[in-house]
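Bear in mind that the values here come from a model prediction, so they are computed numbers and not experimental data. Each chain gets a letter, A, B and so on, in the order the sequences are listed, and its residues count up from 1.
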Amino acid sequence: MPELPEVETLARGLQREVAGSRVLSVELGKTEFMDNPAEIERELAGTRIERVERYGKFMLLRLERAAGADGVAQESALLVHLGMTGTMVPRPASEPRAKHTHLVALLEDGRELRYIDPRRFGRIAWLAGEKLRKELLRFGADPLLISQEEFVQRIRGRRARIKAMLLDQGVLRGVGNIYADESLWKAKIHPARIGARLTVEEAKTLHAALQQILKKAIVLRGSSISDFLDAEGEPGEYQLHHKAYGREGKACYRCKTPIRRIVVAGRSSFFCPSCQKAPRGMKRGRRTKPVPRRGASKVAAKVAVGKG
DNA sequence: CTCGATCCCTGGACGC
DNA sequence: TGCGTCCAGGGATCGA
């Protein structure tokens, strides 16, 4: 699945391969996962891709500035989310198109930039000006840029489970299931722990673990799980370094205890039951056991208005 | 606020 | 070999 390291890898590849190219024409396949297919086709055709960058799990194809409805030039971009199985690759136009190719942008040098996505869990949108700005503001901090202080403050400021928080794109943009589990394993924190109950030390450790893992994964060009390939068609290698994700029943690399899989925040969560101690009140097997909260009355809820 | 459930979708794994 | 079934999972949405 493309998460931050995979998207970063692909965005860097596309920056090398297609930045500066002009799009001559556009062909669309299945379009129900696109925000506004007609607009995408119209706006992309004839424009120039100025640069490609990563934003969370999105790739941003920054486009040449063009006049908006009011005649004033505004910034615009094609937002591409790869979902579970999406990829975007430049290929010679003469090469047969892969099955599930849903967007094809013909470039002036005779290549085509192709978006391929069997499951269509991805998203493609064209946005400009204020709409673009507002869309980007929906997302939280970049996990590679967030300071330790801010990370600790955010994590400890909420009562959601840490796994859910790591996956919440409004908190951190770009972390998905693999890297959430890997960083929690490295930091020795159970995925079902409540964020607000982490110690400052634990939160600091998690911040460091997350950044180290993401950086290493980028160096190794991401994890190739469901046939992820970079812009050159090469698989990543980080999947060979996974310590928790996908290792149910296998020995923990630290203590030999078999790795377990539970569902947290609706997602498979792999962890070492020995290194990553379960929070109190969550003993084995028992799910749906909410921690009783003192003082969380309706009165308190009513007062809690007017907070961002 | 936070939760779980449900839906979207296809391919791969598995059982017979 | 060829079915049918189950499952994976990011994100939107909805009800609790």
**Report entry** Test: A:Arg197 and A:Glu202 ion pair at under 4.0 Å
**Finding:** no

**Report entry** Sidechain N-carboxylate O distance under 4.0 Å for A:Asp181, A:Lys163
**Finding:** yes

Query raised in the report: Which heavy atom in A:Gln211 sits nearest to a heavy atom in A:Ile146, and how many Å separate them?
Result: NE2-O, 3.3 Å

To the side chain of [X], which of [options] is closest?
X        : options               : result
A:Gln169 : C:dA8, B:dT10, C:dG11 : C:dG11
A:Phe121 : C:dG9, B:dT2, B:dG4   : C:dG9
A:Tyr245 : B:dG4, B:dT2, C:dG9   : C:dG9
A:Pro118 : B:dC8, B:dG11, C:dA8  : B:dG11
A:His100 : C:dG11, B:dG11, B:dC3 : B:dG11

Using atom [atom1] of [X] as one end and atom [atom2] of [N] as the other, report the distance to the nearest whole Å.
X        : N      : atom1 : atom2 : result
A:Arg120 : C:dG9  : CZ    : C1'   : 16 Å
A:Asp117 : B:dT10 : CG    : P     : 10 Å
A:Leu82  : B:dC8  : CG    : C1'   : 17 Å
A:Glu32  : B:dC8  : CD    : C1'   : 9 Å
A:Phe139 : C:dA12 : CZ    : P     : 7 Å
A:Asp168 : C:dT13 : CG    : P     : 15 Å
A:Met84  : B:dT10 : CE    : C1'   : 11 Å
A:Lys30  : B:dC8  : NZ    : P     : 14 Å

Any [X] side-chain N or O less than 4.0 Å from OP1/OP2 of [N]:
X        : N      : value
A:Thr85  : B:dG11 : no
A:Lys99  : B:dG11 : yes
A:His81  : C:dG11 : yes
A:Arg161 : B:dC1  : no

Query - A:Leu113 and its side-chain contact (heavy atoms from CB on, under 4.5 Å) partner, picked from A:Leu44, A:Leu61, A:Leu103 - result: A:Leu61

Query raised in the report: Is it true that the NZ or CZ of A:Arg173 lies under 6.0 Å from the centre of A:Tyr55's six-membered ring and within 45 degrees of the ring axis?
Result: yes

Report task. Under 4.0 Å between any heavy atoms, over every strand shown, what does A:Arg267 touch: base, sugar-phosphate, or nothing? Just pick one. Result -> base

Query raised in the report: Base, sugar-phosphate, or nothing for A:Arg158, non-hydrogen atoms under 4.0 angstrom?
Result: sugar-phosphate

